[in-house]
Amino acid sequence: MIEIRDLHKYFGSLHVLKGIDLDVQKGEVLSVIGASGSGKSTLLYCINGLEPIQQGSVRVDGIDVHAKGTDINKLRTKLGMVFQQWNSFPHLTALENVALAPKIVKGKSRDEARDIAAKQLTQVGL
């Protein structure tokens, strides 16, 4: 579960996220839509701990993402995010690109990572 309370994010004097409150339940699929520059990517970066926040809290499965003692890399194994300008490695196939994270982050074997990747690609129609 993701719990966001009174989230504020500034870039200098620009107040990008203004008191965001949001709950996302386990298994729930959520789309964040809005105009260019409205803070969609910034919100995702704050949830993943890629951007610091100025006020509020972001909790994933009860863990405060922005707390000093949080093992952010371990926490990120529970999170997924698609970047707007994401580019795959051109020397790898789609299957090999998708299999990288299970292999590198989760320590899965090559075959197990390929099986996971194949299921994920099938799920999205590729």
Side-chain angles (χ1 to χ4, degrees):
M1 177 172 178
I2 299 172
E3 302 169 75
I4 301 172
R5 296 290 175 267
D6 195 32
L7 178 63
H8 291 263
K9 172 66 184 169
Y10 294 84
F11 291 105
S13 62
L14 180 61
H15 194 179
V16 177
L17 301 178
K18 303 175 182 177
I20 303 295
D21 289 309
L22 176 67
D23 288 322
V24 182
Q25 302 300 318
K26 183 176 180 170
E28 183 177 7
V29 177
L30 177 75
S31 295
V32 180
I33 60 173
S36 179
S38 63
K40 301 176 301 291
S41 293
T42 299
L43 174 63
L44 296 174
Y45 295 157
C46 290
I47 293 170
N48 277 277
L50 295 170
E51 278 290 343
I53 61 175
Q54 280 71 44
Q55 183 180 325
S57 66
V58 178
R59 300 180 80 75
V60 175
D61 289 341
I63 299 168
D64 185 340
V65 172
H66 296 277
K68 289 187 188 275
T70 297
D71 182 343
I72 195 68
N73 290 326
K74 182 178 179 185
L75 185 60
R76 285 183 185 142
T77 65
K78 299 179 178 189
L79 296 167
M81 174 176 170
V82 177
F83 291 89
Q84 289 175 328
Q85 298 297 322
W86 183 75
N87 295 306
S88 59
F89 293 106
H91 65 287
L92 300 177
T93 65
L95 181 70
E96 291 166 333
N97 271 284
V98 175
L100 276 178
K103 246 182 358 187
I104 294 170
V105 177
K106 296 279 194 167
K108 302 288 185 186
S109 71
R110 180 180 177 273
D111 289 340
E112 192 175 8
R114 289 176 70 90
D115 288 344
I116 292 167
K119 288 177 185 170
Q120 290 172 335
L121 289 170
T122 299
Q123 187 174 5
V124 297
L126 296 175

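Numbering starts at 1 and runs along the sequence shown.
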- Can you get from V60 to I72 by hopping between Ile, Leu, Val, Met, Phe, Trp and Tyr side chains that sit under 4.5 Å apart? yes
- Query: Which heavy-atom pair separates L22 from R5 by the least distance, and what is that distance?
  - Reply: O-NH1, 3.5 Å
- Worked check of side-chain contact (heavy atoms from CB on, under 4.5 Å) between I2 and L30: CA-CA 11 Å; I2 299 172; L30 177 75; over 6 Å; no
- Query: Do D64 and H66 have a side chain donor and acceptor closer than 3.5 Å?
  - Reply: no
- Which atoms form the tightest heavy-atom contact between P52 and C46, and what is the distance? O-SG, 4.4 Å
- Query: Which distance, rounded to the nearest 0.5 Å, do you find between the CG of D61 and the NZ of K26?
  - Reply: 7.0 Å
- Task: Would you confirm whether R76, through its side chain, and D71, through its main-chain N or O, come within 3.5 Å as a donor-acceptor pair?
- Result: no
- Are side-chain heavy atoms of E96 and R114 found at a separation under 4.5 Å? yes
- Rounded to the nearest 0.5 Å, how far does OG of S109 lie from CG of D115? 8.0 Å
- Message: Donor-acceptor pair, distance only, cut-off 3.5 Å: does the side chain of K18 make one with the backbone of H8?
- Response: no
- Message: Quick one: does any side-chain atom of E28 pair with a main-chain N or O of Q25 as donor and acceptor, under 3.5 Å?
- Response: yes
- Item | Non-hydrogen side-chain atoms of K74 and I63 separated by less than 4.5 Å | no
- Query: Donor-acceptor pair, K40 side chain versus G34 backbone, under 3.5 Å?
  - Reply: yes
- When rounded to the nearest 0.5 angstrom, what distance separates CD1 in I47 from CD in E3? 12.0 Å
- Item | Pairwise side-chain contact, D6 with I20, heavy-atom cut-off 4.5 Å (strictly under) | no
- Message: Test side-chain contact (heavy atoms from CB on, under 4.5 Å) on V65 and L75; report intermediate values, then the result.
- Response: CA-CA 8 Å; V65 172; L75 185 60; 3.6 Å; yes
- Task: For S57 and I4, run side-chain contact (heavy atoms from CB on, under 4.5 Å): C-alpha distance rounded to whole Å, both residues' side-chain angles, the deciding distance at 0.1 Å, then the answer.
- Result: CA-CA 6 Å; S57 66; I4 301 172; over 6 Å; no
- Item | Nearest heavy-atom neighbours spanning Y10 and Q54 | N-OE1, 2.7 Å
- Message: Minimum heavy-atom separation for G39 and V16, please, with both atom names.
- Response: CA-CG1, 3.9 Å
- Message: With a 4.5 Å cut-off on side-chain heavy atoms, are M1 and V24 touching?
- Response: no
- Between L7 and Q55, does a side-chain contact (heavy atoms from CB on, under 4.5 Å) hold up when you go through it step by step? CA-CA 6 Å; L7 178 63; Q55 183 180 325; over 6 Å; no
- So NZ of K103 and CD1 of I116: to nearest 0.5 Å the spacing works out to 11.5 Å
- N97 side chain to F89 main-chain N or O, any donor-acceptor pair under 3.5 Å? yes
